[in-house]
Asker: 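Below you will find the structure I want to go over with you.
First listed ligand is number 1; within each ligand, the first listed atom is number 1. For the numbers below, each heavy atom of this structure counts, side chains included, while hydrogens, waters and symmetry mates do not. These numbers were taken from a predicted model, which means no experiment stands behind them.
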Amino acid sequence: MQSETQDPEAAVIVIDGHADTPQRFLDERFDLGDPLGGGNLNLETIRKGNLSAEFFSIWVEPTLYKGQYARRTLELIDAVKQQAARHSDRVEFVTSPEGILQAHRDHKFAALMGIEGGHSIESSLALLRQYYALGVRYMTLTWNNSNGWADSSTDIGDSSVPHTQDGLSDFGKDVVYEMNRLGMMVDVSHVSDRTLFRTLIISRAPVIASHSDARALCNSPRNLTDDMIRAIANSGGPNSKGGLVMVNFYSGFLSQSYLNAQRAMQPEVKQAVQALKDRARAEGREVTYAEISRLQRSYYDRIPRPPLSVLIDHIDHIAKVGGIDHVGLGSDFDGVFGQLPEGIDSPADLPKITAALTARGYTPEDCRKILGGNLLRVFREVEQVSKDLQPVETRPRLTEKQPFVKK
Ligand SMILES: [Zn+2]
């Protein structure tokens, strides 16, 4: 008799580490039940591709929302929860590895959240703790903007931006310690090289790169050198089974020739974006991020899409350098202006990745690890480190205001 667990396909948990759909929920009133409408992710494509779980990115654009980071963060968190509530027959909001498995057993899609960009905590451990309490289970220490306590790979060369001495300020170290204690995964995608290594030295739990590729194959500062891949794979202390690099599907991080073409186009795109902003200002309003994205996309769509094989090359490279237990998927769906390899447009296309890996000799067990098994293992270990630290980590952080004591 064929039981469900004997069918290897049925047992595979597919987890994607990063999708920027929450902005669509909020700014475009996009509903997961809607047709894609230019986006990458909805309930229909989730079902078609058997996607079990998604980490929805809580990303606050740092220029547009200056002075309102916490408010915008809370609105994005609320938008994810609203979607889960609206589709409660098919979607379960979860916050743990066990939650992902339970949702899978219940034939539901698991929605999780990760914050992208430490500026969301507005330099407050109290906000960090409250985001955890609301269900946020990873935080990317920076986005493209350095935030005063951690540096970004994107602006590290800009001398007009203040940067830390050693990659993390004392407060930045406190943030990493507090995330370890809470059980929030530390995400090093986007951070500068120095911030990455500094974080790996001090984190007591394994870290993830939720959406990053290999610099050896595509020379973007957003990508990871082989040394970084090995360091992430070895992260988390002597007893740890190590961290995880989740491969980003963005053509600009996958393909050197795509990246070169995009860089050549940059001055023209910059000019067009400025013109859009000027026009809006003349009309007495601010442009939305969606408008800017649409404009950028109209340019980038002219560059030929790289073949799916480049995405598989990155998975292959990271698996060879870091080990098969240290690679996963972090699509960046809805965050890359639709600039994805040929044939990859939504979660419905995920089985193509499994097929391509199989064609390259990856076993069903290897695929199970890449598609979600590795993330479940790291997530569980981060939870365990948190449990171990709770009793010994009750002191306030070095940089935290001491509670007022009544005389
Ligand atoms: Zn990102």
Asker: Given the rule in the side chain to side chain contact (heavy atoms under 4.5 Å, CB included) test, do Y131 and L74 qualify, once you have shown the distances and angles that lead to the verdict?
Answerer: CA-CA 8 Å; Y131 294 151; L74 291 173; 4.1 Å; yes
Asker: Tell me whether the rings of H190 and W143 are parallel (<30°), tilted (30 to 60°) or perpendicular (>60°).
Answerer: tilted
Asker: Of the non-hydrogen atoms in G39 and D334, which two are nearest, and what is the gap between them?
Answerer: CA-OD1, 3.3 Å
Asker: Check the orientation of F55 and F379. Use parallel for under 30°, tilted for 30 to 60°, and perpendicular for over 60°.
Answerer: tilted
Asker: Would you mind counting protein N, O or S atoms that sit less than 2.8 Å from the Zn ion (ligand 1)?
Answerer: 3
Asker: Which of parallel (below 30°), tilted (30 to 60°) and perpendicular (above 60°) describes F337 and Y300?
Answerer: tilted
Asker: Is it true that the side chains of S169 and T164 contain a donor and an acceptor less than 3.5 Å apart?
Answerer: no
